[in-house]
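These notes concern the structure reproduced below.
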2 protein chains.
Amino acid sequence: MGEDIQGEKPTLRTLSQETGFAVATVSRALAGDPRIAATTRETVTAAANRLGYVPDRAARRLRTGRTQVISLLLNTQHEFLGFTHEFLSGITEVLAGTGYSVTVVPDSPGEDRLAPVRTILRNNLADGILFTRTEAFDPRVRLLMEADFPFVSHGRTEFTTPHPWVDYDNEAFARQAVQHLVAKGRRRISLVLPGDQFTFTQHLRYGFLSAVRTAGIDHEIVPGVTLDSPPPAIAAALMQRRHAPNPPDGYVCVGEVTALLALAALTDTGAVQGVDADIVAKRASPIFDNVRPRIDTVFEDLRATGRAMAEMLLRRMNGEPQERLNRLFMPETDV
Amino acid sequence: MGEDIQGEKPTLRTLSQETGFAVATVSRALAGDPRIAATTRETVTAAANRLGYVPDRAARRLRTGRTQVISLLLNTQHEFLGFTHEFLSGITEVLAGTGYSVTVVPDSPGEDRLAPVRTILRNNLADGILFTRTEAFDPRVRLLMEADFPFVSHGRTEFTTPHPWVDYDNEAFARQAVQHLVAKGRRRISLVLPGDQFTFTQHLRYGFLSAVRTAGIDHEIVPGVTLDSPPPAIAAALMQRRHAPNPPDGYVCVGEVTALLALAALTDTGAVQGVDADIVAKRASPIFDNVRPRIDTVFEDLRATGRAMAEMLLRRMNGEPQERLNRLFMPETDV
DNA sequence: TGAGATAATTGAAACGTTATAAATTGGGGT
DNA sequence: ACCCCAATTTATAACGTTTCAATTATCTCA
């Protein structure tokens, strides 16, 4: 089925026959090679447009070794609602029209995080890699740096060798969140942290601790659970603390799920947010606009993060010096 | 940098030199061609494993025309929190290990929905296509059927020619949701519908209307807004109805955002969910477990949907007859 | 014993592109 | 008229795979 009206799919040979120039000349003309005469280039590009020529990716890839593909290692766990959606939208937004396509590779939390990277390197499946949930001495970063393979990490590392990264200032977020609660008169602030292996956990911890110490107030980092724990486990831990003597009157929540859990814990113990306690949450989606009672939020723009990472990867693949390829997003307070 | 310990990347020629068989024989042996002697096949596969041979995708693609790529047209709008994440996880789960990779192509709601499909067809960018938010006479379905190109739609169409689809029984969902509210004694039920162009909107409408008529109760389909309207607009429409005489005492919510909006509308007008009115919502993520007051929910398993679509696409590409490639997920009531 | 069939293997071509090296053209300067 | 050089263009090979058609080795049967 499907008779082509135009006939066969045009190739360089088609254009060669059409214009009378050799295949090599046509290729050069389209590539913008300066050794080709301007008139020739015009003739060739005109013919290419007329016939709707588009270079064959497989052939180009075979010849040059460049895949025109960017791989995104996507974690199956995320504390933000809509993380994947926002992040991915930002990336595809930038990459649309560049000729690069985005492939998604699952990055399972418990499994070997190196395996997908190794596969990509060994089988030459991409020209660049993006990934999230970076660890302090992330083995993926080490491997990719050794291989001199282009990548951008979402999150910083503690390696001394510089590499491209995009991050959010979680230290500033934690500090501001505490200060906001202190300004509301709160004196005992609770925090659930992500797993210790992630770099941003240290940033959160440091910002949180230094802010509570400066303010001279009490704090607690909820023990036994992380942001990646099953929500019921987090809920149980929060409830336990609410029933203990001296329950917290302020909550700093790094994810939306935790914020809802904290809110539920308050409600379930007869406390009222805004009266008996306050919550400050980092949000990535507008969902909290619809939650009652309202929660104070700090916005993290994950779409912009995705855009920044994609742009940075393009620049890295273009050979820009790595030292300058960093971007730290500052928290934007809504309230 | 990066000195290969193993030396060069192994190709068919490497295996040929290693085993003494010709390149053609090696290729056939690995492909399982029955004309190749069993002993030869063993020798060759052993060498392939030893050297870690993996076929070059570009070369294979150039030769066979098959891309080993599946394109996912991903809409930038979705009423479910975590839709993208769940759906994509299901797809990659099935495709992992099959040799297919998934590329994500943005499918902008306002724009020409055919453009990305045309690009994929013309430039031979994929072997199969998955997409969502199917319309009654979806132009993408028409084009792909004409081109005899493998695809699976999320949602049915009204074309007479059969094609592969995976869908959720939204008619049953709407009916059950109404019945649940009626059983709680509710007599005036409200519903916000998606845009009229989508097939599943008709299913929702039909299930909703037939259930309210059977029960002999009042209903209203909120006018002037759809599920894709900006949340503030939906909120305003809901509030307007709450202030009017005879406000609804039951809400059927197709998405999580709408459910939160309805809950907020109740709260903001001093009504209490569970007392003055009830909400039944379709959910795709466990978020509602954390919302107070609790909302009755019906689960739609989007991860399973993604899995089903990927599996079905593989079968379609394997040449199975299209008539049998359908799957309708039934609602699972939680409460 | 040899012809004819069958089984197993192989050389060579092709997919569409880019890069290397060589060839052609048109002037300028002598 | 000649040579040389720059400006263009071109033939050719290669990337790694699959497949057609042809070749060689092995077997069966008269």
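Atom CG in A/Asp56 sits roughly 8 Å away from atom C1' in C/dT17 (whole-Å rounding). Across the protein-nucleic acid pair, B/Arg35 atom CZ and D/dT26 atom C1' stand 17 Å apart, rounded to whole Å. The nearest whole Å value for the distance from the CZ atom in B/Arg66 to the C1' atom in D/dG16 is 15 Å. Between the P atom of D/dG16 and the CZ atom of A/Arg60 lies a distance of 18 Å, rounded to the nearest Å. B/Asp33 places its CG atom 11 Å from the P atom of D/dC20, with the value rounded to the nearest Å. One can place CZ of B/Arg41 at 10 Å from P of C/dA8, the figure rounded to the nearest angstrom. Atom CG of B/Leu62 is separated from atom C1' of D/dC15 by 9 Å (rounded to the nearest Å). In this structure, A/Phe21 atom CZ and C/dT24 atom P are separated by 17 Å, rounded to whole Å.
Position along DNA chain C of the nearest nucleotide to A/Ala59 versus A/Ala24 favours A/Ala59 as the more 5'-ward residue. Sequence order on DNA chain D of the closest nucleotides to A/Ala38 and A/Val23 puts A/Ala38 first from the 5' end. Across the interface with DNA chain C, nearest-nucleotide mapping of B/Thr25 and A/Ala58 shows B/Thr25 to be the residue nearer the 5′ end.
Classification of B/Asp107 and B/Arg133 as a salt-bridged pair fails, no side-chain N sitting under 4.0 Å from a carboxylate O. One finds no salt bridge joining B/Asp127 and B/Arg66 here, because no Lys/Arg side-chain nitrogen approaches an Asp/Glu carboxylate oxygen to under 4.0 Å. Classification of B/Arg303 and B/Glu93 as a salt-bridged pair holds, one side-chain N sitting under 4.0 Å from a carboxylate O.
In terms of phosphate contacts, A/Arg28 brings no side-chain nitrogen or oxygen within less than 4.0 Å of OP1 or OP2 of D/dT8. In this model, the phosphate group of C/dT9 is approached by a side-chain N or O of B/Thr40 to a distance below 4.0 Å at OP1 or OP2.
The residue A/Thr11 sits close only to the backbone: its heavy atoms come under 4.0 Å of sugar-phosphate atoms, none of a base. Using a 4.0 Å heavy-atom distance criterion, B/Arg13 is classed as a sugar-phosphate-only contact. Nucleic acid contact class of B/Ser27 (heavy atoms, under 4.0 Å, all strands): base.
In summary, the side chains of B/Thr157 and B/His163 do present a donor paired with an acceptor at a separation below 3.5 Å, with no hydrogens or angles considered.
Taking the six-membered ring for Trp and thresholds of 30 and 60 degrees, B/Phe131 and B/Phe151 have nearly parallel ring planes, at less than 30 degrees apart.
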